[in-house]
Every structure is written in structure tokens, then in C-alpha cells.
> 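Here it is, the structure in full.
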Amino acid sequence: MKAHPSRLGPQYAPQIAELEKMCFDQPWSEEQCRQAFAQPAYAAFGMPGADILLAYISLYLVRDEMEVLNLAVRPECRRQGHGRRLLFLALQAGRKIGIQKACLEVRESNFPAISLYEGLGFVQCGKRPHYYANNENALLYARDMGI
């Protein structure tokens with residue numbers, strides 16, 4: 001059965017936190033995930049499976065700008081297009097509400113993510129040296145939404 005992307009609500013906080021632990025060195029806690037949904041600028045989309053969350057993307061939408069906060073795909077579900085589908089969905093939704101620019105940051109060593117972002121029109125526009133806990137640089141990417 002193929003998972004379909006959908007908007008996520010606070011009831012998904014435990015599954016988002018579980019996915020965060022699988023994918024990130026500094027994951028959001030379940031409480032942080034739950035609190036994020038209380039913020040008007042926050043939105044999340046996901047690929048719910050039968051009883052697990054296969055992938056999710058979280059965003060801040062402020063005025064005419066979208067910031068991609070996190071994009072995570074379960075390790076065993078990678079390279080199946082889930083991340084691309086979610087990012088594409090977020091960009092489409094942003095365009096519909098008048099978002100003019102999308103931005104994000106990514107670890108310099110995360111080549112699969114960089115390839116995904118560049119493939120969907122993001123361009124590197126900066127660097128944050130020693131940004132992550134392990135002193136790895138963050139690359140800043142942005143995309144004109146072409147409205």
C-alpha cells in the first residue's frame with residue numbers, strides 16, 4: 001500500500017519525535033514537537049504508514065517566506081521518493097498561499113539532501129561555519145518561488 005502525504009497535527013508528535021531520533025544527532029523531543037504545533041507559523045506534512053510515520057517535513061511560514069526546519073525519512077524507507085514528494089508538496093502549498101521564498105540549512109556532508117534540494121531548485125546562498133554540535137558547517141540554501 002502506497003503512503004499518501006497529508007497535513008500532520010499534534011497527535012503525530014510521538015511519531016515525529018521517534019523519527020527525529022532515528023535521523024538526527026540532536027532530535028526534537030516529543031514535547032518540543034507538540035509545542036511546535038501550538039505556534040501559528042508552524043506546519044508539518046507527513047507520509048503516514050499503517051502504524052508508523054515513514055517521513056515528515058516541518059516548516060515555518062512567516063509572511064511571504066517558508067523555512068524548511070526538518071525533513072526526515074525512516075532509514076529503511078529512503079531512496080523511495082518520500083522526501084522529494086514532501087518537499088514538492090510543501091513548495092506547492094507555499095506557492096498557493098503566496099510564499100515568495102523558501103530557505104533551509106543542511107549539513108555540509110549530507111550529500112543526498114543537498115542533491116534533493118538542488119534538484120528542486122534550491123541554490124546555495126551562504127554557509128554557517130561550525131554550526132552543528134560536531135563543528136560541521138551548515139550550508140544555507142534558498143529558492144525563489146517564482147510567483
Side-chain angles (χ1 to χ4, degrees), residues 1-108 110-128 131-133 138-147:
M1 179 168 61
K2 193 170 185 176
H4 296 285
S6 60
R7 181 99 185 240
L8 302 180
Q11 72 274 22
Y12 280 94
Q15 292 180 47
I16 291 171
E18 176 189 352
L19 190 50
E20 286 266 326
K21 286 180 197 168
M22 290 179 195
C23 298
F24 302 123
D25 292 338
Q26 296 177 296
W28 288 16
S29 69
E30 184 177 331
E31 184 56 28
Q32 287 172 308
C33 293
R34 195 175 316 286
Q35 288 175 359
F37 283 102
Q39 299 176 42
Y42 181 81
F45 297 92
M47 304 285 286
D51 57 354
I52 58 171
L53 188 60
L54 305 178
Y56 95 101
I57 188 170
S58 60
L59 316 158
Y60 274 143
L61 304 164
V62 180
R63 299 179 197 243
D64 63 349
E65 190 170 299
M66 169 192 295
E67 180 183 359
V68 177
L69 302 173
N70 288 322
L71 175 57
V73 179
R74 293 179 81 83
E76 69 273 18
C77 297
R78 292 183 181 154
R79 306 206 51 82
Q80 297 177 25
H82 298 310
R84 178 174 292 280
R85 283 180 72 194
L86 286 174
L87 183 54
F88 186 75
L89 172 70
L91 294 172
Q92 279 186 315
R95 231 181 256 111
K96 285 180 184 174
I97 62 168
I99 296 294
Q100 307 252 343
K101 178 184 174 186
C103 59
L104 57 87
E105 60 198 30
V106 61
R107 286 181 182 275
E108 194 170 46
N110 193 343
F111 301 115
I114 291 168
S115 177
L116 168 64
Y117 301 143
E118 289 178 352
L120 286 174
F122 283 84
V123 176
Q124 185 182 342
C125 59
K127 181 189 279 193
R128 289 196 176 115
Y131 181 74
Y132 294 101
L139 300 180
L140 306 177
Y141 275 79
R143 181 188 193 282
D144 180 355
M145 297 294 280
I147 294 176

> Report yes if the side chains of Pro75 and Met22 come closer than 4.5 Å at any heavy-atom pair, otherwise no.
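Sidechains of Met22 and Pro75: in contact.
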> Quick check: do Arg78 and Leu54 have side-chain heavy atoms less than 4.5 Å from each other?
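Counting from C-beta outward, Arg78 and Leu54 never come under 4.5 Å.
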> Could you tell me which non-hydrogen atom of Arg128 sits nearest to which non-hydrogen atom of Leu140, and how far apart they are?
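What the structure gives for the nearest pair is NH1-CD2, 3.4 Å.
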> Just how far is it from atom CZ of Arg79 to atom CZ of Arg84, taken to the nearest 0.5 Å?
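Atom-to-atom, Arg79:CZ and Arg84:CZ are 10.0 Å apart.
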> Side chain of Arg143, backbone of Lys101: donor and acceptor closer than 3.5 Å?
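A pair under 3.5 Å: no.
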> Ignoring hydrogens, what is the shortest heavy-atom contact between Leu61 and Ala43? Give both atom names and the distance.
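In terms of heavy atoms, the two residues are closest at CD1-CB, 4.1 Å.
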> Measure the spacing between CZ of Arg74 and NE2 of His82 and express it to the nearest 0.5 Å.
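Rounded to the nearest 0.5 Å, the CZ-NE2 separation comes to 10.5 Å.
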> Within the 3.5 Å criterion, strictly below it, is a donor on Gln35 or Gln39 matched to an acceptor on the partner's side chain?
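Gln39 and Gln35 do not have a side-chain donor-acceptor pair below 3.5 Å.
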> So do Ile114 and Tyr141 actually touch side chain to side chain, heavy atoms under 4.5 Å?
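They are in contact (side-chain heavy atoms under 4.5 Å apart), so the answer is yes.
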> Do any N or O atoms from the side chain of Ser58 and from the backbone of Asn70 form a donor-acceptor pair under 3.5 angstrom?
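Checking the backbone N and O of Asn70 against the side chain of Ser58, a donor-acceptor pair under 3.5 Å is found.
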> Any heavy-atom pair between the side chains of Phe122 and Leu104 that's under 4.5 Å?
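Side chain of Leu104 against side chain of Phe122, heavy atoms only: contact under 4.5 Å found.
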> Ignoring hydrogens, what is the shortest heavy-atom contact between Gly98 and Asp64? Give both atom names and the distance.
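Closest heavy-atom pair between Gly98 and Asp64: O-CB, 3.9 Å.
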> Quick check, are the ring centers of Phe37 and Tyr42 under 6.0 angstrom apart?
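Ring centres of Tyr42 and Phe37 closer than 6.0 Å.
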> Starting at OG of Ser6, measure out to OH of Tyr12 and round the result to the nearest 0.5 Å.
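Answer for the OG-OH pair, Ser6 versus Tyr12, is 5.0 Å.
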> If you count every heavy atom of other residues, nucleotides or ligands that lies below 6.0 Å from Phe88 atom CZ, does the total exceed 12?
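At most 12 heavy atoms, drawn from other residues, nucleotides or ligands, come within 6.0 Å of this atom.
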> Work out which heavy atom in Cys33 is nearest to a heavy atom in Ala17; give both atom names and the distance.
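Minimum heavy-atom separation between Cys33 and Ala17: SG-N, 3.9 Å.
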> Do Ile16 and Glu20 come within less than 4.5 Å of each other through their side chains, counting heavy atoms only?
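Yes - at least one pair of side-chain heavy atoms lies under 4.5 Å apart.
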> Looking just at side-chain N and O atoms, do Tyr132 and Gln26 make a donor-acceptor pair shorter than 3.5 Å?
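No pair is found: no donor N or O on one side chain lies under 3.5 Å from an acceptor on the other.
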> Rounded to the nearest 0.5 Å, what separation is found between the CD atom of Glu105 and the NZ atom of Lys127?
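Separation between the atoms: 14.0 Å.
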> So, are Glu65 and Arg63 salt-bridged, with charged N and O less than 4.0 Å apart?
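Answer for the salt bridge query: no.
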> Any idea which heavy atoms bring Ala102 and Leu91 closest together, and the distance?
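Of all heavy-atom pairs spanning Ala102 and Leu91, the closest is CB-CD2, 3.9 Å.
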> Please name the pair of heavy atoms, one in Val73 and one in Ala55, separated by the smallest distance, quoted to 0.1 Å.
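Here Val73 and Ala55 meet closest at CG2-CB, 3.8 Å.
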> Are Leu53 and Glu18 packed together at the side-chain level, in the sense that at least one heavy-atom pair is separated by less than 4.5 angstrom?
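A side-chain contact is absent here, since even the closest heavy-atom pair is not under 4.5 Å.
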> When rounded to the nearest 0.5 angstrom, what is the spacing between CD1 in Ile57 and CG in Leu71?
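Here the rounded value is 5.0 Å.
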> Does some side-chain heavy atom of Tyr117 sit less than 4.5 Å from a side-chain heavy atom of Gln124?
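No. Closest side-chain heavy atoms not under 4.5 Å.
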> How long is the straight-line distance from CE of Met47 back to CG of Leu19, given to the nearest 0.5 Å?
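Between atom CG of Leu19 and atom CE of Met47 there are 12.0 Å.
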> Quick check: do Val68 and Leu87 have side-chain heavy atoms less than 4.5 Å from each other?
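Val68 reaches Leu87 side chain to side chain.
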